[in-house]
Amino acid sequence: MPIRQLSETVINQIAAGEVIERPASVVKELVENALDAGATRIEIATAGGGLNLIRVVDDGSGIAPGELSLAVSRHCTSKLSEDIHDIRSLGFRGEALPSIGSVSRLAIRSRTAEADEAMEIAVEGGKVSALRPAAANRGTQVEVRDLFYATPVRLKFMKGERAEATAITDVVKRIAVAFPAVRFTLSGTDRTRLDLPAETSDEDGRLRRLAKVLGEEFPKNALPLDALREGVHLGGQVSIPSFTRANALMQFAYVNGRPVRDRQIAAAIRAAYADVLPRDRHAIGALFLTLDPGLVDVNVHPAKADVRFRDPGLVRGLIIGAIRQALAEAGMRPATSGTAGMMAAFRPGGAPSPHAGPAGAHRTYDAARRGWPSGGFDLERSPSRPLDGFGETAQAAFAHRPGADARAAAEPPPETLRHPLGAARAQVHANYIVAQTEDSLVIVDQHAAHERLVYEALKQAIHSRPLPAQMLLLPEIVDLPEEDAERLASHAGTLARFGLGLERFGPGAVAVRETPAMLGETDVQGLVRDLADEIAETDSADGLRERLDAIAATMACHGSVRSGRRLKPDEMNALLRQMEATPGSGTCNHGRPTYIELKLSDIERLFGRR
Amino acid sequence: MRVTLERSNLLKSLNHVHRVVERRNTIPILSNVLLKAEGGAVLEMKATDLDLEVTEATPAQVEQPGATTVPAHLLYDIVRKLPDGSEVMLRTDADGHTMTVTSGRSSFKLQCLPQSDFPELTAGSFSHIFRLDAPALKGLIEKTQFAISTEETRYYLNGIFLHAHETGGKLMLRSVATDGHRLARAEIEAPAGTEGMPGVIIPRKTVSELQKLVDNPDIKVVVELSDTKIRFTIGSIVLTSKLIDGTFPDYQRVIPSGNDKRLIIDRQSFAAAVDRVSTISSERGRAVKLAIADGQVTLTVNNPDSGSAVEEIAADYDSDPIEIGFNARYLLDVAAQLGGTNAQFMLADAGSPTLINDTADEQTLYVLMPMRV
């Protein structure tokens, strides 16, 4: 076949393959266009998971009649002048509309503020119709029907209507979080209506928008972020460690207002929570990075989901540092949903069967959402159990065992009540410390709490000074791809501080001369390869630190007070005071809460006093 | 099969063979010991884990020849609990599925598996054969065993490297073990038959079983080996083992020859001092610092969490002062191996291997890599 120039339609269909992956990509492009046009109200309607119909109506600046036909041609945009490095809008490639037009039936109706009437243009499978007048308010209305009808192969790859509809919701939510001042409505025959009213564009408005998107419990369990380093600002909200999900879908990241799904940012969030969350739980929240557009390349991915930072290490450090600081400052905060779940557990008190009814269902939902492994907490198993702790059974146990006296002084001195965790009043079931503060009741899991305290102390000991290194009789030569060897060598200083001494050994290898003495006899090859992979992915050598922390965690588990051990009142109070003084003591090493708090007002409500 | 034998003889032999049997097996017959009585007045027992096989013959009255296999640990536990001085009768039942163990008024029925299913560790032919005094073999093993690596990824270090080596015109039989942090080397004059033998790596489990079997000082051990298998015949016990298929590193390179700082110290007081000061560091991998100066060694352990310990010991030393750190456990291991009165340390600097040996035993040496603290 001779070489020839492809037709415009084929070129657009090829571009569409990259830009328009599924209906959600169309929604993303159209909503971004609306936002770039300065819309304050965006209405999205879909049918058939977006495959039958997508309609996006905005009240933005509109397209001048003379420019409509340009708008649907390739590489035509109003968003970019001649400098690709200075990108201040969401879109800039000039590919979206022609790409959509080449694979669907597209109709654009638009009216600018100055124009007397709206004009409409249609594109069907790449064929552009003539302009014709139409009736419309100011703004633009884009209608996409029969998406992918021109590319039947792609159509076959679509998931079910429901999955595509969900993907559209996800895209809209992601964008909506970044623009709290814009009202979004998403409706259609294939979904329940989502209405996000316009909020103020300040931090409060953003938090209210987040609450709409992530759930009303979120603001109560969120930590604000605010950090600035070398011209890069990080804002946003992340959840406290006891408010998590089983996947990372609810982590939203924005770079200069642009929603991104970046592996490095996700890895940084993971690293920041590494200590306080189990591996299979994920924090939720939204991160907003603001930096000079010249320091970030958004033109990496056709759908602009990936970005590339000029200094990825700086961004990673900023995210980890800011989240860790926020977590440390938050210190003493159990999830409100913890108490909410507990309240639910108490509520059926008067009901004939605590096992039946909606209360039970509510609790299961709560437990799953909160992410406490079931069984980790007796409350979850049986709604009637919690009552035991305060009921006759526990009291009877006390009465029969005067020798193992876990009762505190009859009246605690008022000053101890003022501590955040209050004064210890009793130990029940040989593992739970019941404490009283001025306005609440606190229950502490003594083993989980002490394990965390010991772990923090050990970690402190490990990281406060260079670690001893055991030198090797024969250097261990690890063969690696050249880039990996280079990356390892560039982190040699950090690694040496943790006791791993290595240096370049020819182009494609490193020689390990010493290993952390704490690891004992270890698999050097495996260790170094894992580290190389991790540095490649995250540009940091934290993996070694995590391995050492894991050893500390095991030692902490063995060196902490077990459940079943009777604690004297003074010991209980000492534990509470230490918990207050230790950052991160609100969750155990596995991410479960170490204590829960029940407000007096909640207790009063349980008894119908309020 | 029907045999009668002294409980003490049966117990002694079972004690030797049953240790080879792993507690948990995926192949049921590997949990069993093979019992075989074929003419003559002996009962032969055999156990294997597919890498290592031990057989032992013990005197017995064979009333009806035959063979079967029964669970090894179970049989051992039964025989162990039988009264001292009793006689035991082992009899396979008519259906062949069970074996009855009778002693006095006790009787046990054990389930059997057919002896034809019992795996045979085919030895093939051996290329070299030589004889060693049991104590000499024991020495080669015991002096180096502690340094065997437990890191599975470097499988070629998971055993003792036994080979013939010529030094000063004399052929020596050497055993070497290392875990990458320290190295132990012992040697004896090579017995006839070792000329040209391949260097072999004897796996850790084989070493530890062998070490328990060579207690009788008067016995001659016959060693047969090829480059894949080794067999030790110790009286009536025969131990056959596969060898580790790998290349032992060129250990000569790590034995320093230019270390010129010579420290002589009383072994027992040194070991006791190391043990005392390391009390302060409960974690593994904690270093003992040795500050060596004129006539004296100062041992220091610093544990920022719990405190510090210092002890001084008189020593024979007249080179430049040096400070060097070692893993306390490694020092204790070496001190425990050196049998004599005085230990000799040959040092270079704080970052180089140190040579340690017994002043009375020039044939055994230890190399220890320092720690950086």
Side-chain angles (χ1 to χ4, degrees), chain A residues 453-479 492-493 495-503 511-530 544 547-549 551-556 558-559, chain B residues 146-158 176-185 248-256 281-289 301-306 324-330 348-355 366-373:
Chain A
L453 294 176
V454 175
Y455 173 55
E456 288 295 329
L458 282 172
K459 247 182 16 176
Q460 178 76 26
I462 290 175
H463 300 308
S464 60
R465 49 187 174 265
L467 286 176
Q470 172 66 52
M471 298 177 213
L472 301 181
L473 277 168
L474 276 174
E476 183 97 13
I477 310 298
V478 186
D479 290 317
L495 295 175
R497 225 188 72 79
F498 291 112
L500 184 69
L502 53 78
E503 59 199 54
V512 178
R513 301 203 178 278
E514 52 194 40
T515 56
M518 246 177 93
L519 293 179
E521 204 191 328
T522 183
D523 173 10
V524 178
Q525 301 268 349
L527 177 69
V528 170
R529 277 174 218 283
D530 287 357
L544 185 55
R547 280 191 189 218
L548 297 171
D549 283 352
I551 293 177
T554 313
M555 294 190 328
H558 295 306
Chain B
F146 74 98
I148 297 176
S149 169
T150 53
E151 228 299 299
E152 302 283 334
T153 51
R154 285 182 298 171
Y155 58 93
Y156 50 86
L157 297 184
N158 294 163
V176 181
T178 180
D179 62 7
H181 298 169
R182 61 229 168 118
L183 178 143
R185 193 199 80 189
F248 201 80
D250 179 11
Y251 68 91
Q252 292 284 25
R253 281 201 296 151
V254 307
I255 300 178
S281 66
S282 51
E283 289 163 45
R284 58 179 179 166
R286 273 290 163 78
V288 176
K289 202 169 72 189
V301 173
N302 249 314
N303 180 350
D305 302 324
S306 61
I324 187 165
F326 289 106
N327 185 321
R329 191 167 61 82
Y330 293 171
D349 57 60
S352 304
T354 295
L355 194 67
Y366 300 98
V367 183
L368 207 55
M369 209 57 199
M371 272 172 84
R372 186 170 57 80
V373 252

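Here is how names work: the chains are called A, B, and so on, in the same order as the sequence lines, proteins then strands, and each is numbered from 1.
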Set of ring-ring contact (aromatic ring centres under 6.0 Å, His included) partners for B:Tyr330, sequence neighbours left out:
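Applying ring-ring contact (aromatic ring centres under 6.0 Å, His included) to B:Tyr330 gives B:His181.
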
For A:Tyr455, what residues pass the ring-ring contact (aromatic ring centres under 6.0 Å, His included) criterion, not counting sequence neighbours?
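Counting only residues at least two positions away or on another chain, A:Tyr455 forms no ring-ring contact (aromatic ring centres under 6.0 Å, His included).
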
Over all atoms of both residues, closest heavy-atom pair of A:Ala517 and B:Met371:
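Closest heavy-atom pair between A:Ala517 and B:Met371: CB-CE, 3.3 Å.
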
If every non-hydrogen atom of B:Val254 is compared with every non-hydrogen atom of A:Leu473, which pair is closest and at what distance?
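Minimum heavy-atom separation between B:Val254 and A:Leu473: CG1-O, 3.6 Å.
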
Which atoms of B:Thr178 approach chain A - backbone, side chain, both or neither, heavy atom under 4.5 Å
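When you check distances to chain A, only side chain atoms of B:Thr178 fall under 4.5 Å.
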
Please flag which part of B:Thr150 lies under 4.5 Å from any non-hydrogen atom of chain A: side chain, backbone, both or neither.
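Contact with chain A: backbone and side chain both.
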
Minimum side-chain heavy-atom gap B:Glu151-A:Gln525 below 4.5 Å
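No, every pair of side-chain atoms sits at 4.5 Å or beyond.
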
A:Gln470 side chain vs B:Met369 backbone, donor-acceptor pair below 3.5 Å:
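Present.
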
Which atoms of A:Thr515 approach chain B - backbone, side chain, both or neither, heavy atom under 4.5 Å:
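The side chain, not the backbone.
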
Let's test your reading of the structure: which of B:Pro353, B:Ser149, B:Pro249 forms the most heavy-atom pairs below 4.5 Å with chain A?
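Option with the top pair count is B:Ser149.
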
State the CZ-CG distance between B:Arg182 and A:Leu472, to the nearest 0.5 angstrom.
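The distance works out to 13.0 Å.
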
